[in-house]
Undergrad: 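One structure follows; several queries about it will come next.
When reading the values below, keep in mind they use all heavy atoms of this one structure, side chains included, and skip hydrogens, waters and symmetry mates.
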Amino acid sequence: MDRNPSPPSSEAEEEGDAVGSTVYSKHWLFSILTRLIEVRRGAGGSVNPEEIQTELDEEMENDICKVWDMSMDEDVALFLQEFNAPDIFMGVFAKSKCPRLTEICVGILGNMACFQDICMSISKDENLGQVLLQRLCDSDSPTLLETSRLLLTCLSQPEVANIWVERIRDSPSVYDCVCFIMSSSTNVELLVKVGEVVDKLFDLDEELMLNWIKSGTCQSVGPSVDDSPEELPDFKIVPCILEAAKQVRSDNPEGLDVYMHILQLLTTVDEGIQAIVQAPDGGKETWSLLYDLVCHELCQPDDPPIIVQEQKTVLASILSVLSAMFASQTEQEYIKMRKNMPLIGSLIRILQYMEGCGKRSVDNSKESEQEETGKGDLNEEDFHLKILKDICCELLSNMFQELTKENTLEGLNQGHLNEQTCSCAFQNLLPLYFASVESFLEVLREADQTLAENLEKRFPSLKVHT
């Protein structure tokens, strides 16, 4: 997408012609709105398809791009609102066959929606709302990007968020179009923005999330280059999320964070966990992707410990999903411990890095948990680290309980388990996960009695119970 030209710099010459406190000319803006009306009428009046304008002339494009930039100013946005620019744009959406014009008009609305009163007005307009949702079925990636940006802007404003949630909940085509984008687009910027919209929707409304989890019916809607709708495949939400995550993982860490958080939100309801683990492959694709991220991409041995600060939110989301899957699918072949010793090593490394990054440790004891009343007692970084630590310890404790002598020997031989890593694990798991540590220690005695005895000496509370 081309960068927008700069707004016109000439001051309004006639007295009273300035828009608010700006130097922009009302007369000039009027002229652009008038030309948009003419473009709309021209598009609607053409009877020969070959005469329909699909490209903007350079002068018109430059001028309307100037309005796009100017609309970031509240005075200009209010002026456009006062003189019915949203209605003009709605006519453009209905009549125009020019993708660039549609993109710019949606972009202007996106800027205008940044201001609360205008956002309220746009959101309450049911006709405009429906027309904007239909833009999600557009075949033009820049238009899809601006539409997603506009929706995210509206969903981020508490005063109008519910209006959009209900509108989207009542529009089944939105699910299909969003899934189509996630599963087929290679435009990373678009995938990230669509992901942010889905993440926000799921965070705002569990009912909508449940509806999307259960959805998968063919709909005769979708991106099309002509007026005839295109039938979309039988989409399921989890494979679409995974496909988008694969596309963004290398180029956009923030985007990966978004899609991992969407997966985490799915695991907050039983239906979401089942959607993951009861996929045709039994959840193997999800597990493999997340396993690969933790074991081979994030928080690696050659990274400095401080990396855990940068990656704490995405790690928390990934480990939360892995933990939910491990707890619900222990019979799946891909979750067998003989295949997952590197994951135990990675979990312990994350705990080691958390200790090494210089932030204060958070005691696991019940007394400490009672004293820690929540986020208010911790700065934001420490709060997110505590969440990561809690999730990491829960998964590690569950995996410890499943270890056999053979698994443990394999972990020792591969270097994932030794006195240093086991000590770190015990330090973080005790006393909350005493039973898991005790279970692992019994297995460790069979695999390496000397190491077990050394650990008992370092953690006397374990020796007392043997």
Undergrad: Taking all non-hydrogen atoms of both residues into account, name the closest pair between W164 and S123 and its distance.
TA: NE1-OG, 2.7 Å
Undergrad: Between Q311 and D303, is the side chain to side chain donor-acceptor pair (under 3.5 Å) condition met? List the steps.
TA: CA-CA 11 Å; Q311 298 174 351; D303 288 327; 4.9 Å; no
Undergrad: Supply the atom-to-atom distance I391 CD1 to S320 OG, rounded to the nearest 0.5 angstrom.
TA: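 Going from the CD1 atom of I391 to the OG atom of S320 covers 4.5 Å.
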Undergrad: Minimum heavy-atom separation for V308 and Y353, please, with both atom names.
TA: CG1-O, 4.0 Å
Undergrad: Is the shortest side-chain N to carboxylate O distance from R249 to E297 below 4.0 Å?
TA: yes
Undergrad: Strictly below 4.0 Å, N to O, side chains only: are E166 and R169 in salt-bridge contact?
TA: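 No, E166 and R169 are not salt-bridged.
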Undergrad: Can you confirm whether the thiol sulfurs of C179 and C240 sit closer than 2.5 Å?
TA: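 No - the two cysteines, C179 and C240, have SG atoms at least 2.5 Å from each other.
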Undergrad: Evaluate the side-chain proximity of L263 to L242: yes if any heavy-atom separation is below 4.5 Å, no if none is.
TA: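 Yes, their side chains come closer than 4.5 Å.
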Undergrad: Report yes or no: does Q157 contribute a side-chain atom to a donor-acceptor pair with the main-chain N or O of A113 at less than 3.5 Å?
TA: yes
Undergrad: Under the 3.5 angstrom rule, does the side chain of K457 hit a backbone N or O of N454 as a donor-acceptor pair?
TA: no
Undergrad: Distance from I348 atom CD1 to C422 atom SG, nearest 0.5 Å?
TA: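 Interatomic distance, I348 CD1 to C422 SG, rounded to 0.5 Å: 6.0 Å.
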Undergrad: Rounded to the nearest 0.5 Å, how far does OG of S148 lie from CD1 of I181?
TA: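 Here the rounded value is 5.5 Å.
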Undergrad: May I ask you to check whether over 12 heavy atoms, not counting those of K124, lie within 6.0 Å of atom NZ?
TA: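 Open.
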Undergrad: Any donor-acceptor pair under 3.5 Å linking the side-chain atoms of Q247 with those of T186?
TA: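 No donor-acceptor contact under 3.5 Å links the two side chains.
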Undergrad: Please say whether more than 12 non-hydrogen atoms of neighbouring residues, nucleotides or ligands are located less than 6.0 Å from CD in E126.
TA: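 Atom CD in E126 is packed in, count exceeds 12.
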Undergrad: Determine whether a donor-acceptor pair (N or O, by modelled atom type, separation under 3.5 Å) exists between the side chain of S397 and the backbone of E394.
TA: yes
Undergrad: Using a 4.5 Å cut-off on heavy atoms from C-beta on, say whether the side chain of M90 contacts that of P86.
TA: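 No, their side chains stay 4.5 Å or more apart.
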Undergrad: For D270, does the CG atom have more than 12 heavy-atom neighbours from other residues, nucleotides or ligands under 6.0 Å away?
TA: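 Count not over threshold, so no.
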Undergrad: Distance check, rounded to the nearest 0.5 Å: M112 atom CE versus M72 atom CE?
TA: 14.0 Å
Undergrad: Does S171 use its side chain to pair, donor to acceptor, with the backbone of S173 at less than 3.5 Å?
TA: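 Flag not set: sc S171 to bb S173 has no pair under 3.5 Å.
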Undergrad: For the residue pair Q130 and Q134, confirm or rule out a side-chain donor-acceptor distance under 3.5 Å.
TA: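 Result is no, nothing qualifies.
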Undergrad: What verdict does the side chain to side chain contact (heavy atoms under 4.5 Å, CB included) test give for M70 and L80, after you've listed the backbone C-alpha separation in whole Å, the side-chain angles of each residue and the deciding distance to 0.1 Å?
TA: CA-CA 10 Å; M70 292 162 61; L80 292 172; over 6 Å; no
Undergrad: What I want to check is whether the side chains of D257 and T313 have a donor and an acceptor closer together than 3.5 Å.
TA: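 There is such a pair (donor and acceptor under 3.5 Å, judged by atom type) between the side chains of D257 and T313.
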Undergrad: Are the side chain of T153 and the backbone N or O of R149 linked by a donor-acceptor pair below 3.5 Å?
TA: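 Yes, T153 side chain to R149 backbone: donor-acceptor pair under 3.5 Å.
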Undergrad: Pick from V194, L145, V248: which one makes a side-chain contact (heavy atoms from CB on, under 4.5 Å) with E189?
TA: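 When V194, L145, V248 are each tested with E189, the side-chain contact (heavy atoms from CB on, under 4.5 Å) holds only for L145.
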Undergrad: What's the spacing between Q414 CD and M341 CE if we round to 0.5 Å?
TA: 7.0 Å
Undergrad: Do any N or O atoms from the side chain of D140 and from the backbone of R100 form a donor-acceptor pair under 3.5 angstrom?
TA: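 No, D140 side chain to R100 backbone: no donor-acceptor pair under 3.5 Å.
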Undergrad: With side chains defined as the heavy atoms from C-beta onward, is the minimum distance between Y259 and K246 less than 4.5 Å?
TA: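 No; the side chains remain at least 4.5 Å from each other.
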Undergrad: Using a distance-only test with no angle check, is there a side-chain donor-acceptor pair under 3.5 angstrom linking N418 and T421?
TA: yes
Undergrad: Does Y334 offer a backbone N or O that forms a donor-acceptor pair with the side chain of N340 under 3.5 Å?
TA: yes
Undergrad: For N407 and T404, indicate whether the former's side chain and the latter's backbone hold a donor-acceptor pair under 3.5 Å.
TA: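 Yes, because the side chain of N407 sits within donor-acceptor range (under 3.5 Å) of the backbone of T404.
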Undergrad: Could you walk me through whether Y291 and H296 pass the side chain to side chain contact (heavy atoms under 4.5 Å, CB included) check?
TA: CA-CA 8 Å; Y291 175 96; H296 303 127; 4.3 Å; yes
Undergrad: Regarding R445 and E442, does a basic nitrogen lie under 4.0 Å from an acidic carboxylate oxygen?
TA: no
Undergrad: Would you give the length of the straight line joining atom OG of S121 to atom CG of D117, rounded to the nearest 0.5 angstrom?
TA: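 Here the rounded value is 9.0 Å.
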Undergrad: Answer whether the closest heavy-atom distance between the side chains of P305 and M354 falls below 4.5 Å.
TA: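 In short, these two side chains do not touch, never coming nearer than 4.5 Å.
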Undergrad: Please report the shortest heavy-atom distance between E271 and I213, naming the atom on each side.
TA: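 Scanning both residues, the minimum pair turns out to be O-CG2, 3.6 Å.
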Undergrad: Show the nearest heavy-atom pair for residues V174 and L136, with the distance to one decimal.
TA: CG1-CD1, 3.9 Å
Undergrad: Is a donor from one side chain sitting under 3.5 angstrom from an acceptor on the other, for R167 and N162?
TA: no
Undergrad: Evaluate the side chain to side chain contact (heavy atoms under 4.5 Å, CB included) criterion for residues T408 and F400: first the C-alpha distance (whole Å), next the side-chain angles of each, then the deciding distance (0.1 Å), finally the verdict.
TA: CA-CA 9 Å; T408 304; F400 266 6; over 6 Å; no
Undergrad: Shortest non-hydrogen contact from P99 to T143?
TA: O-OG1, 3.5 Å
Undergrad: Check D390 with K386, please: is the shortest side-chain N to carboxylate O separation under 4.0 Å?
TA: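 Looking at K386 and D390, the cut-off is met.
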Undergrad: Decide yes or no on side chain to side chain contact (heavy atoms under 4.5 Å, CB included) for E146 and R135, but give the supporting numbers first.
TA: CA-CA 9 Å; E146 292 307 318; R135 292 300 97 212; over 6 Å; no
Undergrad: Please determine if K200 and D203 form a salt bridge, counting it only when a charged side-chain N lies under 4.0 Å from a carboxylate O.
TA: no
Undergrad: So Q264 and S317, side chain to side chain donor-acceptor pair (under 3.5 Å) or not? Walk me through it.
TA: CA-CA 5 Å; Q264 182 185 4; S317 295; 2.9 Å; yes
Undergrad: With disulfide bond (SG atoms under 2.5 Å apart) as the criterion, how do C137 and C177 come out once you've worked through the C-alpha distance, each side chain's angles and the decisive distance to 0.1 Å?
TA: CA-CA 5 Å; C137 297; C177 294; 2.2 Å; yes
Undergrad: Looking at every heavy atom in both L395 and F326, which two are closest together, and how far apart are they?
TA: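 Smallest interatomic distance, heavy atoms only, reads CD1-CB, 4.1 Å.
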Undergrad: Flag the pair L319 / I350 as yes when at least one side-chain heavy-atom distance between them is below 4.5 Å, and no otherwise.
TA: yes
Undergrad: Between K339 and E410, does any NZ, NE, NH1 or NH2 come within less than 4.0 Å of an OD or OE carboxylate oxygen?
TA: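 Salt bridge between E410 and K339, a charged N being under 4.0 Å from a carboxylate O: no.
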Undergrad: Does some side-chain heavy atom of I276 sit less than 4.5 Å from a side-chain heavy atom of T267?
TA: yes
Undergrad: Please check if the side chain of N413 supplies one atom and the backbone of L409 the other of a donor-acceptor pair under 3.5 Å.
TA: yes
Undergrad: Is any side-chain heavy atom of L132 less than 4.5 Å from a side-chain heavy atom of L128?
TA: yes
Undergrad: Mark yes or no for whether Y433, through its side chain, and F426, through its backbone, hold a donor-acceptor pair below 3.5 Å.
TA: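 Checked: no pair found.
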Undergrad: What I want to find out is whether K336 reaches E402 closely enough, with some N-O distance under 4.0 Å, to be called a salt bridge.
TA: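 Answer for the salt bridge query: no.
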Undergrad: Does F202 reach the side chain of T268, with side-chain heavy atoms less than 4.5 Å apart?
TA: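 With C-beta onward as the side chain, the pair stays apart.
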